[in-house]
Amino acid sequence: MDNGKQKVDDDQIAERKPEIKNPTFELDLEGTIHSWPEATISVEQLAVLGGWNVGDGVVEIDKDNVERTLQPGEIIHLKPGHGFAKKRKWKRGLFLPRVQEEFNLLLKHYPDAQIMEEGGQAWIYIPAYPLPENWHLGEMQVQTCRLCCVLGAGYPEGTPYAFLTPPDLRFRGQTPSNTTLAPFKPFGHEWMQFSWSPDEQWMPSAEIEKGSNLVRWVASFRQRFMEGL
């Protein structure tokens, strides 16, 4: 075998191999497609790429149009292809800094909580809110249920009111008092509205961890569940 000729042939084959380039990722930012050359992107990079203020925050929208506010410094792992952009989108945050900060506090207690803006209001969704004994969904006794509440446009001024649960939530087989089927479907679910306002006076503080806030508001729902009917 002519080793010299073999080496030349190998070199020629190597030259003919196409150059392998890094994939380009296409991201949908408020309806505009942007190219991104890496497999990960940070929240701050998404904001800059979209051309908005980093302080506005970033909201992720999945293929079911469920929104999730991303946390500062969070890293998103991407998948290649334009099809990905159609399934997952981002937009700038629309919430007042106060609402966003209080929601960040809530995430420490409910890491799966979600927030979305609709009609100038902030809707909060908790997939698994803990329940005391004797609560059922239909015929099945449960320890948690999905729950939703809303913060009005003027929050934190004015006491928040009411919260939402699945429409078939029952206490010892009976429909709780002061409830009604909700005419709206935040987060794509049917809901039953509990009329509820805690006994303590609503007194928000300039320091969000003190005084009345979203965490204490959500915690008060357990008081209503403890009352049963």
Side-chain angles (χ1 to χ4, degrees), residues 29-30 41-61 66-76 90-132 144-165 178 182 184 186-187 191 193-227:
L29 303 180
E30 297 188 331
I41 188 169
S42 70
V43 167
E44 290 75 14
Q45 288 171 325
L46 275 170
V48 172
L49 188 64
W52 62 77
N53 191 312
V54 174
D56 291 341
V58 178
V59 176
E60 180 185 72
I61 311 169
V66 174
E67 300 184 2
R68 180 176 73 90
T69 299
L70 302 178
Q71 300 308 301
E74 185 171 342
I75 301 298
I76 297 91
W90 293 273
K91 67 180 182 181
R92 76 193 75 195
L94 300 177
F95 309 111
L96 295 174
R98 169 85 186 209
V99 173
Q100 186 61 62
E101 290 174 9
E102 290 197 18
F103 180 70
N104 291 342
L105 285 179
L106 186 71
L107 287 173
K108 296 179 180 179
H109 301 269
Y110 302 96
D112 294 333
Q114 300 173 21
I115 185 171
M116 74 172 186
E117 187 273 343
E118 186 172 308
Q121 302 182 109
W123 290 88
I124 311 297
Y125 175 69
I126 299 175
Y129 189 90
L131 299 171
T144 64
C145 74
R146 58 180 164 87
L147 184 143
C148 183
C149 63
V150 63
L151 306 179
Y155 186 85
E157 301 300 323
T159 306
Y161 180 75
F163 61 88
L164 309 176
T165 69
N178 296 317
F184 31 76
F187 300 96
W191 296 99
Q193 177 174 295
F194 278 72
S195 298
W196 174 247
S197 184
D199 295 333
E200 66 179 49
Q201 189 175 0
W202 182 259
M203 297 183 64
S205 169
E207 299 180 61
I208 63 169
E209 295 189 22
K210 299 180 180 179
S212 301
N213 59 27
L214 177 60
V215 174
R216 291 185 174 86
W217 167 238
V218 170
S220 78
F221 303 156
R222 183 170 178 82
Q223 178 183 341
R224 173 62 186 89
F225 287 126
M226 292 293 294
E227 295 176 0

Do [X] and [Y] make a side-chain contact, defined as non-hydrogen atoms from C-beta onward lying under 4.5 Å apart?
{"X": "Trp202", "Y": "Pro160", "value": "yes"}
{"X": "Pro204", "Y": "Arg98", "value": "yes"}
{"X": "Ser195", "Y": "Tyr161", "value": "yes"}
{"X": "Val99", "Y": "Ile115", "value": "yes"}

Which residue, Leu105, Ile208, Ile124, forms the side-chain contact (heavy atoms from CB on, under 4.5 Å) with Leu214?
Ile124
Is Trp191 reaching over with its side chain to a backbone N or O of Pro186, donor-acceptor style, under 3.5 angstrom?
yes
Inter-residue atom distance [X].[atom1] - [Y].[atom2], 0.5 Å rounding:
{"X": "Leu106", "Y": "Trp217", "atom1": "CG", "atom2": "CH2", "value": "13.0 Å"}
{"X": "Glu227", "Y": "Trp196", "atom1": "CD", "atom2": "CH2", "value": "4.5 Å"}
{"X": "Ile126", "Y": "Asp112", "atom1": "CD1", "atom2": "CG", "value": "10.0 Å"}
{"X": "Phe225", "Y": "Tyr129", "atom1": "CZ", "atom2": "OH", "value": "6.5 Å"}
{"X": "Met226", "Y": "Leu131", "atom1": "CE", "atom2": "CG", "value": "11.0 Å"}
{"X": "Arg224", "Y": "Thr165", "atom1": "CZ", "atom2": "OG1", "value": "9.5 Å"}

When Tyr125 is tested against each of Tyr110, Phe187, Phe103 for ring-ring contact (aromatic ring centres under 6.0 Å, His included), which residue passes?
Phe187
Looking at every heavy atom in both [X] and [Y], which two are closest together, and how far apart are they?
{"X": "Ser42", "Y": "Ile76", "answer": "C-CD1, 4.3 Å"}
{"X": "Leu164", "Y": "Phe184", "answer": "CD1-CE1, 3.9 Å"}
{"X": "Gly152", "Y": "Gln121", "answer": "CA-OE1, 4.0 Å"}
{"X": "Arg216", "Y": "Lys210", "answer": "NH1-C, 4.0 Å"}

May I ask you to check whether over 12 heavy atoms, not counting those of Glu44, lie within 6.0 Å of atom CD?
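It does: Glu44 CD has more than 12 such atoms within range.
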Would Val58 and Glu74 count as a side chain to side chain contact (heavy atoms under 4.5 Å, CB included) here? Give the steps.
CA-CA 10 Å; Val58 178; Glu74 185 171 342; over 6 Å; no
